[in-house]
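Structure first, then comments.
Index from 1, following the sequence. As a basis for the values below, the full set of heavy atoms in this structure was taken, side chains included, without hydrogen atoms, waters or symmetry mates.
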Amino acid sequence: MDVMGDKATLFESGRFVQPSVEEPTRDELTDMVDAAEEVRLALAAQSGDAEAASVLGAILLRRGDLDGAEPHLRAATAAGDRAAANNLGVLLHQRGYPEEAAGWWRIASVAGSAAAAHALGRYHRERGDEPAAEYWLRQSAEQGHALGAYALADLLEHRGDVGAEHWMRAAAERGHREAAYRLARALDRPAAGPEDETGADNAVAEAEQWYRQAAARGHRRAALHLGAILEKRGELKEAGRWYLTSAKDGEARAACALGFLLRDAGDTESAAVWWLRAAQDGDGNAANALGALHAERGETQTAERWYRAALDAGDDNGAYNLGLLCAEQGRTAQAEQWYRRAAYAGHREAANALAILLLQAGDAVGAEPWFSKAAEAGSVDAAFNLGILYAGRGTEHGAETALRWYERAAAAGHTEAALQVGIARLREGEEQEAERHLRCAAGGGSAEAAYRLAALLDARRPPEPAHELGEVVHEKTECEEWYERAATQGHRRAQVRVGMLAAARGDVVEAARWYREAAEAGSRNGAFNLGLLLAREGSEPEAAVWWTRAADAGHGRAALRLALVYARRGELAEGQRWADRAVALGPAEVSERAGRLRDALREELSA
């Protein structure tokens, strides 16, 4: 059949109607005419104008008037109009005659119709004839047809062909939103290793551009992923806008993410609205969020209902959260049941929680495999708990195994595990390793680690010259800074040590403040040192109050000081009582001195 007319003119005329596929191009959707124009085309078609018949057939086909469109399309096709041949194929395909449709698409394709080549390629792919499909889709793609490029990319990607990305990119560049989305998803993958970080950053930046293109064209999943990238970068306002766009288009995950964004902004009520919408659409994460919200409000029955909804949606967190809810209510048997359900489904924190429950019930044998399963699955808390379990056995093998698990948890950032590794390395004399782990733990907020790190650094520094009383030295060493960090976190020994360092600098007020804070928290050393400070300042009666507190807590030197105070006052019996207490408490040097004082007081009383 001869081809009538110029190829470019025919393609741009908007007379090619696509079969029902992913997304028609803009030109294929905008050929709308008013009634007067339609009448003019009908008259022209009746007079034998093939182009008018082709355009009129396309209009009627888009309208769904297949009976009205068919005679016009057949007439135009008979006159050699390739657009009409393509559209006739579309019409026959819609009527359920795919083989006949393919025949007309072939005619139009041979005549140069990119749209027909695309339709013919899809026809062959649906029938499993991939070589023929690739041939015709390539013909369409090479003519610049976006749908053809996308379909070819999809076919090549299915086969694992490296050429898929080229055609996916070509389709995306021509405005195909699904191609833009899929290209973005391919680029938005984590790097294989640290050496790929720069390339990964560039890929993510490019992925963001394609997500934007697809999202701007109404692709709701692209809007979701674009929102996630922006949220991770801290651009919360724009992230929220894209989440909202996606959520309004029916993307449940976007509604859920928008809910978390609103909650973090303090708008819990609006968050609950979006979580409800997402949960009703089957999003388990949103159902869990609703459950947690109601649990915080004390509405346990409603919380349980949402946790069950999450479980029904296939989210194992629902079972885990049900376990937590039951455990908080003291329903241990039910908590164990839910933990087991989630743990058997592979929920690592549920496995850890189950192990803790068993351990609390005295079943250490039953707890160990669940701790192991959770730890091997990546639960940092389980690795730490496994370390505690092995350490509690009191054997050399148990200590070695405990250390291995502590090291594993510490490597993942577990503060208390890092502290335990640091303590173990200190015992073994490995100061450098100990310091490294103690710094990690102290940086993570462990007061005990800060104190031990300070003590380690303190032991290394040379002795400083004594300062006159009242002389203030402002420059502090690193170890003192760590002591102070531990002290401000309520660590009593650190508070005493900071007080001692302040006293050594001559800062009596600062020393008294820290001694008092430690003493009021129950530190007998703090109470004793505060008493010494007060006595030096001439406040012996107040000093005696603090020494009494320290001695009652078992501080031998405080008891000896009290014995001396009462002896000087002439209250020999009270002095002898405190001397007896000092002898019992020790240490040896104190016991010896208190013993001599006690004997002298006894002689004086019996004289």
Side-chain angles (χ1 to χ4, degrees), residues 380-381 384-385 387-388 391 402-403 406 409-410 413-428 430-461 463-464 472-534 545-547 549-558 585 587:
V380 180
D381 288 336
F384 176 66
N385 290 336
I388 294 174
L403 182 57
Y406 285 146
H414 196 287
T415 298
E416 291 304 311
L419 170 62
Q420 294 303 319
V421 175
I423 292 171
R425 295 306 180 203
L426 275 178
R427 282 198 302 264
E428 295 165 2
E430 300 175 16
E431 285 196 4
Q432 295 300 323
E433 274 296 294
E435 181 181 342
R436 182 171 71 85
H437 282 95
L438 289 175
R439 283 187 183 278
C440 289
S446 170
E448 181 65 25
Y451 172 74
R452 287 179 180 268
L453 175 60
L456 181 62
L457 298 173
D458 200 2
R460 292 177 185 167
R461 65 176 183 158
E464 295 181 3
V472 179
V473 179
H474 295 288
E475 187 175 351
K476 295 178 182 178
T477 62
E478 185 188 5
C479 76
E480 188 168 358
E481 289 174 353
W482 283 113
Y483 277 135
E484 286 191 2
R485 180 180 293 195
T488 55
Q489 291 177 259
H491 194 286
R492 294 183 301 181
R493 284 177 295 167
Q495 290 169 342
V496 172
R497 185 63 182 144
V498 171
M500 292 171 66
L501 291 170
R505 293 197 306 267
D507 190 346
V508 178
V509 174
E510 183 74 357
R513 181 174 75 84
W514 284 113
Y515 286 152
R516 188 179 300 276
E517 194 162 332
E520 289 176 347
S523 169
R524 61 190 187 185
N525 286 331
F528 175 70
N529 287 359
L530 180 57
L532 290 179
L533 204 63
L534 291 167
V545 172
W546 289 106
W547 284 333
R549 180 180 290 194
D552 287 340
H555 198 289
R557 286 187 172 83
L585 293 173

Show the nearest heavy-atom pair for residues [X] and [Y], with the distance to one decimal.
X      : Y      : value
Thr415 : Gly445 : CG2-N, 4.5 Å
Ala511 : Ala503 : CB-N, 3.7 Å
Ala487 : Val498 : CB-CG2, 4.0 Å
Val496 : Ala518 : CG2-CB, 3.8 Å
Ala441 : Leu419 : CB-N, 3.6 Å
Leu453 : Ala442 : CD2-CB, 4.4 Å

Practice prompt. Specify whether Tyr451 and His491 have parallel, tilted or perpendicular ring planes, treating 30° as the upper limit for parallel and 60° as the lower limit for perpendicular.
Written response: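 Ring orientation of Tyr451 relative to His491: parallel.
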Review point. Would you call the rings of Phe528 and Trp547 parallel, tilted or perpendicular, where under 30° means parallel and over 60° means perpendicular?
Key: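 If you compare the ring of Phe528 with that of Trp547, the planes turn out tilted.
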[X] side-chain N/O to [Y] backbone N/O, donor-acceptor pair under 3.5 Å:
X      : Y      : answer
Glu435 : Leu456 : no
Asp458 : Ala454 : no
Tyr515 : Met500 : yes

For residues [X] and [Y], determine if any side-chain heavy atom of one lies less than 4.5 Å from a side-chain heavy atom of the other.
X      : Y      : result
Leu426 : Leu438 : yes
Arg460 : Glu431 : yes
Arg557 : Leu532 : no

How many angstroms lie between atom [atom1] of [X] and atom [atom2] of [Y], to the nearest 0.5 angstrom?
X      : Y      : atom1 : atom2 : answer
Gln495 : Arg516 : CD    : CZ    : 13.0 Å
Leu533 : Trp514 : CG    : CH2   : 15.0 Å
His414 : Asn385 : NE2   : CG    : 7.0 Å
His437 : Ser446 : NE2   : OG    : 13.5 Å

Starting from the C-alpha separation in whole Å, work towards a yes-or-no answer on side-chain contact (heavy atoms from CB on, under 4.5 Å) for Glu428 and Leu403. CA-CA 12 Å; Glu428 295 165 2; Leu403 182 57; 4.1 Å; yes
Indicate yes or no: does [X] engage [Y] in a salt bridge with an N to O separation below 4.0 Å.
X      : Y      : result
Glu448 : Arg452 : yes
Arg505 : Glu510 : no
Glu478 : Arg439 : yes

Q) Which pairs count as side-chain hydrogen bond (donor to acceptor under 3.5 Å, both in side chains) when at least one residue sits in residues 520-534, sequence neighbours excluded? A)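 Those involving residues 520-534 are Asn525-His555.
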Requested in this report: Just do the side-chain contact (heavy atoms from CB on, under 4.5 Å) check on Glu481 and Arg485 with the steps written out, would you?
Outcome: CA-CA 6 Å; Glu481 289 174 353; Arg485 180 180 293 195; over 6 Å; no
Inset, instruction - Under the side-chain contact (heavy atoms from CB on, under 4.5 Å) rule, what do Val545 and Arg549 come out as? Steps first, then yes or no, please. - result: CA-CA 6 Å; Val545 172; Arg549 180 180 290 194; over 6 Å; no
